[in-house]
Amino acid sequence: MASSENDTLVTVRDVDGLRHRVRSWKKAGLSVALVPTMGALHRGHAVLMERAGAMADRVVATIFVNPTQFGPSEDFNAYPRHEARDFEMLEQAGVHVLFAPSAATMYPPGFATSVRVARLTDALCGPLRPGHFEGVATVVTKLLLQAQPDIALFGDKDFQQLAVIKRFTADLNVPVDIIGVPTVREADGLAMSSRNAYLTADERAKAPALFGAITRAAEKIAAGENPLAATAEAKATIMAAGYRSIDYVDARHAETLAQLGPTEKGGRVFAAAHLGRARLIDNVEVPLA
Ligand code: PAF
């Protein structure tokens, strides 16, 4: 293999080019990690890339703003796109290949297949974003089949997405280990997200209230408070902080995503709320009492 294929970040836009590189790494006995993204990369993504580099010999990052996971009134057109800046960040993070396919490569004319995961998508973001998880599961299935990595890494911030990906890869016997990586936060607790770019300075100052409220709710649940009461208090706190509206604040079991019963262990508190034009989501573990 030429040294440029080993050491220097290259951008690949077609599936054959990606497969050629991955095949030659595997022939040389090297392990491969995949980190799918939609670009507009931030430090949370850099942490994913670095973790991938610590766990595998070669790292493939993908950037594809996937149209099928956006609803008709969502922010597909406005979604931030900065491929040149992203490339520099991936280079610094030691990534080997950036796979950045076009929409026509991912969804050629006649495309008619989708992957739908039941039950886990019945709650939280599922009913509020019809088709979203089907779009995510379909594109991640394609990326996994295109790159055929040994491991793939995703952030805990999109915890329901991670649960969906773990479910379909297990159900469909996709030969990959799915690794969840803890949410990376700003100093004031706000979860890093590409959509934080939508916040004005005033909104940015209010934004950490979401994390604060769900953290307090999780602590109260751990101390024995009824999850419904704790999440109701969190909703009031979030609205008082200046959020425009709340989609949900909900305590659920981390694996099944079923409602968390009083005194039940293994919970997480999930929230989605609107601040200005941003829809922010976050989740935290209920600590063990
Ligand atoms: O989390 C994301 O950025 C996207 O949902 C993903 C996993 C890259 C699929 O488009």
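We count ligands from 1, going down the list as the structure has it; atoms in each ligand are counted the same way. Heavy atoms only: backbone and side chains are in, while hydrogens, waters and symmetry mates are out. It should be emphasised that the depicted structure is a prediction, and the values quoted were computed from it without experimental measurement.
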Query raised in the report: Which of the atoms in ligand 1, numbered in the order shown and given with their element, are less than 4.0 Å from a heavy-atom of Thr37?
Result: 8 (C)
Query raised in the report: Does NZ or CZ of Arg13 lie under 6.0 Å from the centre of the six-membered ring of Phe64, at an angle within 45° of the ring axis?
Result: no
Report task. Would you check if the side chain of Asp75 reaches a backbone N or O of Ala78 as a donor-acceptor pair within less than 3.5 Å? Result -> no
Query raised in the report: Is Arg21 close to Val32 at the side-chain level, that is, under 4.5 Å between some pair of heavy atoms?
Result: no
Query raised in the report: Can you list the atoms of ligand 1 that are under 4.0 Å from a heavy atom of Pro36?
Result: 8 (C)
Query - Distance in Å, Leu120 CG paired with Phe133 CZ, rounded so as to fall on 0.5 Å steps - result: 9.0 Å
Query raised in the report: How far is atom 2 (C) of ligand 1 from its nearest protein heavy atom, and which residue and atom name does that atom have?
Result: Gln161 NE2, 3.8 Å
**Report entry** Charged tip of Arg185 within 45° of Phe211 ring normal and under 6.0 Å
**Finding:** yes
Query raised in the report: For ligand 1, which atoms sit closer than 4.0 Å to a heavy atom of Val139?
Result: 9 (C), 10 (O)
Query raised in the report: What residue and atom, counting heavy atoms only, is the protein's closest point to atom 10 (O) of ligand 1, and at what distance?
Result: Gln69 OE1, 2.6 Å
